[in-house]
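Naming convention: chains lettered A, B, ... in sequence-line order (proteins, then strands); numbering from 1 in each chain. What you see is a predicted model; the values in this text were computed from it and never measured.
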Protein chains: 2
Amino acid sequence: LIGNEILSGRTADANLHYLAKELAFLGIALIEARVVADRQKAIVDAVRALKKSYDMVFVTGGIGPTHDDITTAAIAKAFGVPALKNPEAFRRLEAHYAGTSQPFNQARQKMARIPKGARLIDNPISAAPGYQIKNVYVMAGVPVIMQAMFDSIRSTLQTGERTRSATLTTTLTEGVIASELEAIQNRHRKTEIGSYPHIRDGRLGVALVVRSLDEAALTRAVAEITLLLKRHGGKILSS
Amino acid sequence: LIGNEILSGRTADANLHYLAKELAFLGIALIEARVVADRQKAIVDAVRALKKSYDMVFVTGGIGPTHDDITTAAIAKAFGVPALKNPEAFRRLEAHYAGTSQPFNQARQKMARIPKGARLIDNPISAAPGYQIKNVYVMAGVPVIMQAMFDSIRSTLQTGERTRSATLTTTLTEGVIASELEAIQNRHRKTEIGSYPHIRDGRLGVALVVRSLDEAALTRAVAEITLLLKRHGGKILSS
């Protein structure tokens with residue numbers, strides 16, 4: 001996520017949660033996220049590190065027409081390629097602005113500059129495309145545009161098996177069940193059990209989330225956790 | 001931010017935005033944020049990299065009593081120290097649970113293990129402390145507890161001069177004003193001008209945010225931007 005506005009506290013980011021949910025739905029495990037400032041070195045360093053470490057990298061923000069939109073220059077630099085006027089991107093933008101009262105001026109033409117070798121990502125909302133270069137997908141920062149771009153690449157992504165999950169929310173607190181829960185985790189290696197405490201109406205409670213690629217393993221672990229909660233007199237608020 | 005629940009899309013993180021706002025208020029520039037999974041290597045690598053690069057590092061999440069709370073072990077490893085039973089943390093937890101119907105069992109005693117050399121951070125809500133080790137501040141993941149912990153360290157932080165900011169929201173779109181806005185940015189080097197487009201009621205608009213440590217410089221840039229917007233017939237919706 002590229003943008004000073006997130007780091008300065010001006011904007012509460014919405015893109016991470018969207019991407020996390022959608023990637024989970026597609027069976028793509030999100031392993032790490034970074035929020036990086038609008039500074040070339042910061043972007044180049046992060047993109048270089050992440051594209052090497054992971055199968056796919058999703059980048060949002062900084063591809064607009066203003067002086068603080070430096071993502072494309074940074075991505076080009078991270079890949080050691082120039083950012084060039086892309087004829088197809090130019091055509092799309094030209095056609096888009098021809099249908100408005102707005103001029104297709106130099107600032108807007110900047111949005112047709114795309115790193116060499118990248119493939120465009122459609123932007124059905126405001127025309128200016130995102131792009132994919134190798135394993136890096138670059139999208140707009142405005143959430144509705146980012147989401148539309150993600151929709152347009154969704155079917156092209158190498159997806160995996162979807163992780164199943166079940167959540168048991170209870171009024172018990174973590175500390176009461178922690179040791180037995182660990183034992184359940186140790187007996188159910190095909191599942192990942194997460195324990196997420198919360199405070200509601202001034203009271204601690206916990207949501208136990210079981211995740212697995214294997215539905216039967218998930219069901220078995222959930223059954224054991226359900227018994228654990230009952231044994232301790234816990235109410236299961238939702239499951 | 002440490003937690004599988006954020007990366008899996010289960011939980012929409014609230015701590016980053018809180019920290020970003022509070023740090024800005026204290027005149028501490030937030031330069032980068034990372035969301036890291038509950039995996040020891042991931043946490044150790046991130047903490048080692050960030051504590052070297054920045055003056056302060058704020059960590060949230062993973063210091064509870066359950067098996068998936070591995071932050072303390074990872075922080076200790078990142079600093080090459082053991083995590084030991086901390087007598088003061090133990091005393092606080094013991095006193096806290098003595099006042100409840102809950103046992104101070106082994107799982108809860110885990111929360112008294114603190115990396116050697118760390119100083120405790122008060123937790124007025126559920127007793128289990130956070131801690132500071134060198135330039136790394138480790139706090140709970142539950143937002144209300146994290147916020148209470150942050151309140152208790154707030155006055156100890158080395159703060160800077162607060163960045164002033166002003167926002168001009170307009171119905172104009174970025175592309176219309178981009179080149180002149182860049183010229184204004186170039187003439188007002190003591191300010192940082194950010195351009196943040198949005199879509200409201202199906203229409204593009206933009207918020208121009210001017211930030212500066214220098215109030216007079218801020219005022220001058222805002223005056224120029226106001227003229228720019230008027231020149232283009234833009235309505236200023238808020239400023």
Side-chain angles (χ1 to χ4, degrees), chain A residues 4-13 16-17 20-25 29-38 42 64-69 102-103 105-108 110 125-126 142 144-145 163 165 167 173-176 178-179 181-182 185 192-199 204 209 211, chain B residues 4-13 16-17 20-25 29-38 42 64-69 102-103 105-108 110 125-126 142 144-145 163 165 167 173-176 178-179 181-182 185 192-199 204 209 211:
Chain A
N4 291 345
E5 71 276 27
I6 302 167
L7 295 167
S8 73
R10 182 188 176 268
T11 301
D13 165 67
L16 172 58
H17 188 52
K21 277 190 301 183
E22 296 302 315
L23 293 172
F25 184 80
L30 179 58
I31 306 294
E32 178 179 348
R34 295 194 190 180
V35 185
V36 171
D38 299 317
T66 52
H67 62 277
D68 58 338
D69 289 308
Q102 305 275 331
N105 58 21
Q106 213 182 345
R108 288 175 171 140
K110 177 182 158 190
I125 293 179
S126 54
V142 176
V144 293
I145 303 178
T163 299
S165 82
T167 301
T173 55
E174 283 189 302
V176 175
S179 66
L181 191 68
E182 181 168 16
Q185 171 70 86
E192 183 188 83
I193 303 173
S195 174
Y196 304 116
H198 56 248
I199 295 180
L204 271 164
V209 179
R211 305 177 79 236
Chain B
N4 291 344
E5 71 276 28
I6 302 168
L7 295 166
S8 73
R10 181 189 176 267
T11 301
D13 165 67
L16 173 58
H17 188 52
K21 279 190 300 182
E22 296 302 314
L23 292 172
F25 184 81
L30 179 59
I31 306 295
E32 179 179 347
R34 296 195 190 179
V35 185
V36 171
D38 299 318
T66 52
H67 63 277
D68 59 338
D69 289 309
Q102 306 276 328
N105 58 22
Q106 211 182 347
R108 288 176 170 138
K110 178 182 157 191
I125 294 179
S126 53
V142 177
V144 293
I145 302 178
T163 300
S165 83
T167 302
T173 55
E174 284 190 301
V176 175
S179 66
L181 191 69
E182 181 168 15
Q185 171 70 87
E192 183 187 84
I193 303 172
S195 174
Y196 304 115
H198 56 249
I199 296 180
L204 271 164
V209 179
R211 305 178 79 236

Enquirer: Please determine, among A/L23, A/I31, A/V144, A/V36, the option with the most heavy-atom pairs under 4.5 Å with chain B.
Expert: A/I31
Enquirer: Identify which part of A/I125 has an atom lying under 4.5 Å from any heavy atom of chain B, answering side chain, backbone, both or neither.
Expert: side chain
Enquirer: Do the non-hydrogen side-chain atoms of A/K21 and A/H17 ever get within less than 4.5 Å of each other?
Expert: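 In contact.
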Enquirer: Please flag which part of B/R211 lies under 4.5 Å from any non-hydrogen atom of chain A: side chain, backbone, both or neither.
Expert: side chain
Enquirer: Is the closest side-chain heavy-atom distance between A/I193 and B/H67 below 4.5 Å?
Expert: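 In contact.
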Enquirer: Using heavy-atom distances under 4.5 Å, tell me whether B/L16 contacts chain A through its side chain, its backbone, both, or neither.
Expert: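 For B/L16, side-chain heavy atoms alone lie under 4.5 Å from chain A.
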Enquirer: Taking every non-hydrogen pair under 4.5 Å, which of B/Q102, B/E32, B/R108, B/E192 racks up the most with chain A?
Expert: B/R108
Enquirer: Quick one: which of A/A107, A/A37, A/A12 has the most heavy-atom pairs under 4.5 Å with chain B, could you say?
Expert: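 Heavy-atom pair counts peak at A/A12.
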Enquirer: Can you tell which part of B/I6 gets under 4.5 Å to a heavy atom of chain A, answering side chain, backbone, both or neither?
Expert: both
Enquirer: What is the distance from atom NZ of A/K110 to atom CD of B/E182, rounded to the nearest 0.5 Å?
Expert: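 Here the rounded value is 6.5 Å.
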Enquirer: Of all the heavy-atom pairs spanning B/L181 and B/S195, show the shortest one and how long it is.
Expert: CD2-CB, 4.1 Å
Enquirer: Taking every non-hydrogen pair under 4.5 Å, which of A/I145, A/V176, A/I199 racks up the most with chain B?
Expert: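 Going by pairs under 4.5 Å, I would pick A/V176.
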Enquirer: Are A/E5 and B/V209 side-chain neighbours, meaning at least one heavy-atom pair lies under 4.5 Å?
Expert: no
Enquirer: Could you have a look at B/G194, B/A24, B/P65 and say which one has the most heavy-atom pairs with chain A under 4.5 angstrom?
Expert: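 Top count of heavy-atom pairs under 4.5 Å with chain A: B/P65.
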Enquirer: Can you tell which part of B/S126 gets under 4.5 Å to a heavy atom of chain A, answering side chain, backbone, both or neither?
Expert: side chain
Enquirer: Taking all heavy atoms of A/Y196 and all of A/E174, pick out the closest pair and write down the distance.
Expert: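 Between these two residues, the closest heavy atoms are N-OE2, 4.4 Å.
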Enquirer: Taking atom CD of A/Q185 and atom OG1 of B/T66, what is their separation to the nearest 0.5 Å?
Expert: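 Spacing of CD (A/Q185) from OG1 (B/T66) equals 10.0 Å.
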Enquirer: Between OG1 of B/T173 and CG of B/L204, what distance do you get to the nearest 0.5 Å?
Expert: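 With rounding to 0.5 Å, OG1 (B/T173) is 6.5 Å from CG (B/L204).
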Enquirer: Please classify the contact of B/D69 with chain A as side chain, backbone, both or neither, using a heavy-atom distance under 4.5 Å.
Expert: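 Just the side chain, heavy atoms under 4.5 Å.
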